[in-house]
Amino acid sequence: MFDEDRASQALGIELLDVGSGTARARMTITATMVNGHGIAHGGYLFLLADTTFACACNSHGPTTVAARADVTFIRPARLGDQLVARAVERTRFGRSGIYDVSVHRGEELIAEFRGHSRTIGAAATSESEGARR
């Protein structure tokens, strides 16, 4: 999935690793990512976390998308900061899942993201067909 994610790749996001329900990704804040306050635009932090979430929730195989997500910004990121996001699966139930993503600059927490996933691929189709029978 990440190999086809042109938006994330265009921003320089690097996928560091993916496991069952987990993922880690890295991004460096560039001049085009800094807003009028001289700090990283929150949308870029959200995108890094969202990309990492997507890799974690798709690690199980069937196509899975975000149903809902929110972010809490803890500290600002600045030009040149290298950020690492780590996604962890909290639970999966039926076609849904909940994942937490922490974004760090070194040891310092920058943002917390929670994503709710929904499986829409072949596994979801099989489940709904079985329910109709």
Side-chain angles (χ1 to χ4, degrees):
M1 180 209 69
F2 185 78
D3 291 342
E4 300 300 319
D5 185 347
R6 301 293 175 239
S8 296
Q9 291 176 20
L11 293 173
I13 294 176
E14 302 169 75
L15 184 59
L16 301 175
D17 55 66
V18 177
S20 180
T22 65
R24 276 187 330 123
R26 176 174 50 213
M27 179 179 78
T28 300
I29 301 299
T30 66
T32 59
M33 297 176 180
V34 176
N35 66 22
H37 296 294
I39 59 177
H41 189 290
Y44 290 107
L45 301 179
F46 187 95
L47 193 140
L48 171 62
D50 186 50
T51 296
T52 310
F53 158 62
C55 291
C57 67
N58 277 279
S59 67
H60 298 292
T63 300
T64 304
V65 297
R68 178 178 160 223
D70 63 274
V71 66
T72 302
F73 301 111
I74 312 294
R75 291 180 183 79
R78 302 192 186 286
L79 178 64
D81 284 353
Q82 187 173 85
L83 306 178
V84 175
R86 182 173 186 273
V88 177
E89 179 179 278
R90 294 300 174 204
T91 188
R92 278 185 14 193
F93 51 100
R95 294 171 44 206
S96 300
I98 300 173
Y99 295 77
D100 287 333
V101 183
S102 296
V103 179
H104 286 84
R105 172 183 49 227
E107 296 297 315
E108 193 172 31
L109 182 64
I110 299 297
E112 286 286 350
F113 171 105
R114 174 158 276 191
H116 297 250
S117 67
R118 186 73 171 173
T119 300
I120 62 170
T125 304
S126 298
E127 284 179 18
S128 23
E129 287 174 2
R132 286 192 296 246
R133 289 184 184 156

Val84-Met27 co-clustered via ILVMFWY side chain contacts under 4.5 Å: no
So, for Ile110 and Pro76, which heavy atoms are closest and what is the spacing to 0.1 Å? CD1-O, 4.0 Å
Begin with the C-alpha distance, continue with both residues' side-chain angles, and end with the deciding distance and a verdict on side-chain contact (heavy atoms from CB on, under 4.5 Å) for Ser20 and His60. CA-CA 6 Å; Ser20 180; His60 298 292; 3.3 Å; yes
What's the separation between atom CE in Met1 and atom OG1 in Thr51, rounded to the nearest 0.5 Å? 7.5 Å
Should Val101 and Ile74 be regarded as members of a common hydrophobic cluster, given that ILVMFWY residues are connected when their side-chain heavy atoms come within less than 4.5 Å of each other, either directly or indirectly? no
What are the two closest non-hydrogen atoms of Leu48 and Thr52, and how far apart are they? O-OG1, 2.8 Å
Which heavy-atom pair separates Ile29 from Ala77 by the least distance, and what is that distance? CG1-CB, 4.2 Å
Can you tell me how far apart NE2 (His104) and CZ (Arg26) are? Round to the nearest 0.5 Å. 15.5 Å
Of all heavy-atom pairs linking Met33 and Thr28, the shortest is SD-O, 3.7 Å
Side chain His41, main chain Gly43, donor-acceptor under 3.5 Å: yes
Looking only at heavy atoms, the pair that brings Ser102 and Glu112 closest together is OG-OE2, 2.9 Å
Within one Ile-Leu-Val-Met-Phe-Trp-Tyr cluster: Leu79 and Ile39, side-chain cutoff 4.5 Å: no
Note: Ala66 and Phe53 closest approach over all heavy atoms is CB-CE2, 3.6 Å
Sidechain-backbone polar pair: Asn35 side chain, His37 backbone, donor-acceptor under 3.5 Å: yes
Side chains of His116 and Ser96: closer than 4.5 Å at any heavy-atom pair? no
Would Leu11 and Leu47 satisfy side-chain contact (heavy atoms from CB on, under 4.5 Å), going step by step from the backbone distance to the final call? CA-CA 9 Å; Leu11 293 173; Leu47 193 140; 3.6 Å; yes
Does the side chain of Ile98 come within less than 4.5 Å of Arg114's, by heavy atoms? yes
According to a hydrophobic-cluster definition based on side-chain heavy atoms being under 4.5 Å apart (Ile, Leu, Val, Met, Phe, Trp, Tyr only), do Val88 and Val71 belong together? no
Check the pair Arg92, Tyr99 against side-chain contact (heavy atoms from CB on, under 4.5 Å), reporting the backbone distance first and the verdict last. CA-CA 9 Å; Arg92 278 185 14 193; Tyr99 295 77; 3.6 Å; yes
Main-chain N/O of Thr64 paired to Thr119 side chain as donor or acceptor, under 3.5 Å: no
Transitively linked via ILVMFWY side-chain contacts under 4.5 Å: Phe2 with Phe113? yes
Is the side chain of Ser59 donor-acceptor paired with the backbone N or O of Val18 at a distance under 3.5 Å, no angle test? no
Keeping the roles fixed (side chain from Asn58, backbone from Ala54), state whether a donor-acceptor pair exists under 3.5 Å. yes
Determine, stepwise, if the pair Leu109 / Arg75 fulfils side-chain contact (heavy atoms from CB on, under 4.5 Å). CA-CA 7 Å; Leu109 182 64; Arg75 291 180 183 79; 4.1 Å; yes
